[in-house]
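Input: a single structure, listed below in structure tokens.
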Amino acid sequence: MKRIIKLSLILLLAKAGAAQQLPTSSFYDLHPIMHNPATAGAKKHAEIGGMFRTQWSGIDGGPQTALLFGNTLLASGRVGIGGYLYNDVTGPTKRIGLQMAYAYHIPMANGGTFSLGIEGRVQQWSFDRSKLQESLGSNDPAIMGDDKKIKGDAGFGISYNDPKFQIGASVSQLIQTKLNFYIGTGPKNEEAMLYRHFFFHGYYDFDIDGQVHIIPNILVIAVPHSPTEVQAGARLDYNKSFWFGLGYHVNQSFMASAGVHLWKNFNLGYAFDVYKTPLSIYDKGANAHEITLRYEFIK
């Protein structure tokens with residue numbers, strides 16, 4: 001049973017120090033569709049982009065995530081669609097997933113929009129049996145089944161978008177599909193599954209003088225049986241030319257980021273995270289690097 005629990009933890013620990021099964025980003029306020037399907041089309045224009053993130057860069061097997069995303073508002077002005085495709089690798093485990101989002105936007109007073117969104121997602125979970133056999137043994141029932149599983153799930157979200165701020169809440173992996181890797185005859189109460197992820201997010205755009213904008217933001221992630229995660233920070237955007245930001249992942253890491261707006265519609269950003277737990281800042285490789293590219297179809 002201890003070995004089953006160990007494998008379950010390996011499958012679940014996809015991010016630093018917490019049992020997140022879905023990819024996250026230091027640029028969470030720029031890519032809200034990663035956490036809430038209701039934000040698809042919220043910016044009133046189309047955008048596409050990509051992101052690559054590597055954590056614990058000095059440690060073999062540290063998490064790496066590559067992601068492509070996009071969303072747009074349809075001609076009706078009421079419907080937004082979008083999604084993202086990702087590849088997430090942590091040690092012996094790997095996840096490839098596709099999320100598709102549909103949002104319905106309801107115009108409100110003062111230019112605001114209330115949105116309802118649903119998502120469907122499909123994921124392929126896999127693990128490298130040879131790496132796990134080194135610690136679990138060659139005949140352990142926890143790894144004697146298929147080394148790949150394709151599972152589907154769904155989610156729901158709400159959001160309010162205003163020219164100056166955004167606030168929203170959502171839940172992903174609502175069905176909590178079981179992964180069914182274990183093929184033994186023992187109890188399955190420790191069996192790995194797709195746990196629900198609850199997201200709460202928001203930001204506010206303070207227009208200082210028409211050129212300088214200060215944008216505080218926050219993201220809260222709650223997953224059953226793991227500590228609630230809180231990320232908060234602020235960006236300073238100057239004249240839509242360049243920006244820089246600072247952030248804090250509570251009880252986990254500090255973050256600094258910077259970016260430039262190229263040719264008005266093309267954006268390039270870089271973020272650097274320094275972890276203090278579960279790795280000490282004095283340990284080799286206790287950091288993360290993330291780069292993002294985004295093109296906005298703005299006339």
Side-chain angles (χ1 to χ4, degrees), residues 23-53 65-87 97-108 110-121 157-168 170 201-205 207 210-213 215 217 219 235-245 257-271 290-299:
T24 58
S25 168
S26 293
F27 298 110
Y28 54 84
D29 61 313
L30 299 178
H31 310 320
I33 195 172
M34 289 181 61
H35 308 110
N36 191 341
T39 62
K43 293 184 178 179
K44 311 299 184 183
H45 60 260
E47 64 176 10
I48 58 173
M51 176 270 282
F52 178 76
R53 177 178 178 84
T65 302
L67 184 144
L68 298 174
F69 61 87
N71 72 97
T72 188
L73 185 69
L74 299 184
S76 65
R78 292 288 187 92
V79 174
I81 58 173
Y84 63 89
L85 175 68
Y86 67 91
N87 181 54
L98 172 67
Q99 181 253 31
M100 297 299 293
Y102 172 92
Y104 184 76
H105 303 291
I106 304 172
M108 307 292 285
N110 302 320
T113 304
F114 177 73
S115 305
L116 301 170
I118 56 174
E119 69 174 18
R121 82 172 53 243
I158 59 174
S159 177
Y160 181 81
N161 304 278
D162 183 86
K164 284 191 171 293
F165 72 94
Q166 180 186 84
I167 187 170
S170 64
H201 62 92
Y203 70 78
Y204 192 92
D205 186 343
D207 187 346
Q211 291 186 317
V212 176
H213 292 252
I215 308 170
N217 49 76
L219 172 67
R235 286 186 294 111
L236 188 151
D237 193 309
Y238 178 75
N239 199 30
K240 296 189 180 299
S241 298
F242 65 88
W243 54 266
F244 62 87
S257 64
V260 292
H261 302 279
L262 304 173
W263 309 303
K264 188 176 180 178
N265 293 11
F266 186 72
N267 303 279
L268 170 65
Y270 169 74
E290 181 176 337
I291 187 169
T292 183
L293 303 171
R294 188 173 79 258
Y295 186 86
E296 299 179 275
F297 294 85
I298 303 175
K299 296 181 180 181

Nearest non-hydrogen partners of Tyr102 and Ile81, listed with the distance: CD1-CG2, 4.3 Å
Any side-chain heavy atom of Phe266 within less than 4.5 Å of one from Leu293? yes
Chi angles and distances behind the side chain to side chain contact (heavy atoms under 4.5 Å, CB included) call for Phe69, Arg294: CA-CA 9 Å; Phe69 61 87; Arg294 188 173 79 258; 4.1 Å; yes
Could you list the residues that satisfy salt bridge (Lys or Arg N to Asp or Glu O under 4.0 Å) with Asp237, not counting sequence neighbours? none
Where Glu47 and Leu30 come nearest, the two heavy atoms and their spacing: OE2-O, 4.4 Å
Pair Gln166-Asn161, side-chain donor/acceptor within less than 3.5 Å: yes
Whether Ser159 side chain and Ser115 backbone form a donor-acceptor pair below 3.5 Å: no
Does the plane of the ring in Tyr295 sit parallel, tilted or perpendicular to the ring in Phe297? Use 30° and 60° as the thresholds. perpendicular
Taking atom OH of Tyr238 as the centre, report whether more than 12 heavy atoms of other residues, nucleotides or ligands fall under 6.0 Å from it. no
Please evaluate residues Tyr104 and Val79 with respect to the criterion side chain to side chain contact (heavy atoms under 4.5 Å, CB included), reporting the C-alpha separation (whole Å), side-chain torsions for both, the decisive distance (0.1 Å), and the verdict. CA-CA 5 Å; Tyr104 184 76; Val79 174; 4.2 Å; yes
Looking at Asp162 and Asn110, what are the two nearest heavy atoms and their distance? OD1-O, 3.8 Å
Smallest separation among heavy atoms of Pro23 and Thr65, with atom names: CB-CG2, 3.9 Å
Under the side-chain hydrogen bond (donor to acceptor under 3.5 Å, both in side chains) rule, what do Ser25 and Arg53 come out as? Steps first, then yes or no, please. CA-CA 8 Å; Ser25 168; Arg53 177 178 178 84; 5.8 Å; no
Quick check on side chain to side chain donor-acceptor pair (under 3.5 Å): which of Asp205, Asn217, Asp29 does Arg235 satisfy it with? Asp29
Measure from the side-chain N and O atoms of Asn265 to the backbone N and O of Ile298, and report whether any donor-acceptor pair falls under 3.5 Å. yes
Between OG of Ser257 and CD1 of Ile291, what distance do you get to the nearest 0.5 Å? 12.5 Å
Let me know which of Phe52, Trp243, Tyr203 forms a ring-ring contact (aromatic ring centres under 6.0 Å, His included) with Phe27. Trp243
NZ of Lys44: more than 12 outside heavy atoms within 6.0 angstrom? yes
So with a 6.0 Å cut-off around CD1 of Ile167, is the heavy-atom count from everything else above 12? no
Rounded to the nearest 0.5 Å, how far apart are CG of Leu74 and CZ of Arg78? 13.0 Å
Is a side-chain donor or acceptor of Asn36 paired with a backbone partner of Ala38 at a separation under 3.5 angstrom? yes
For Gln99 and Pro37, the nearest pair of non-hydrogen atoms, with its separation, is NE2-CB, 4.5 Å
When rounded to the nearest 0.5 angstrom, what is the spacing between NE2 in His35 and OH in Tyr28? 9.5 Å
Which atoms form the tightest heavy-atom contact between Lys164 and Asp207, and what is the distance? NZ-CB, 3.7 Å
Does a donor on one side chain sit under 3.5 Å from an acceptor on the other, for Thr292 and His31? yes
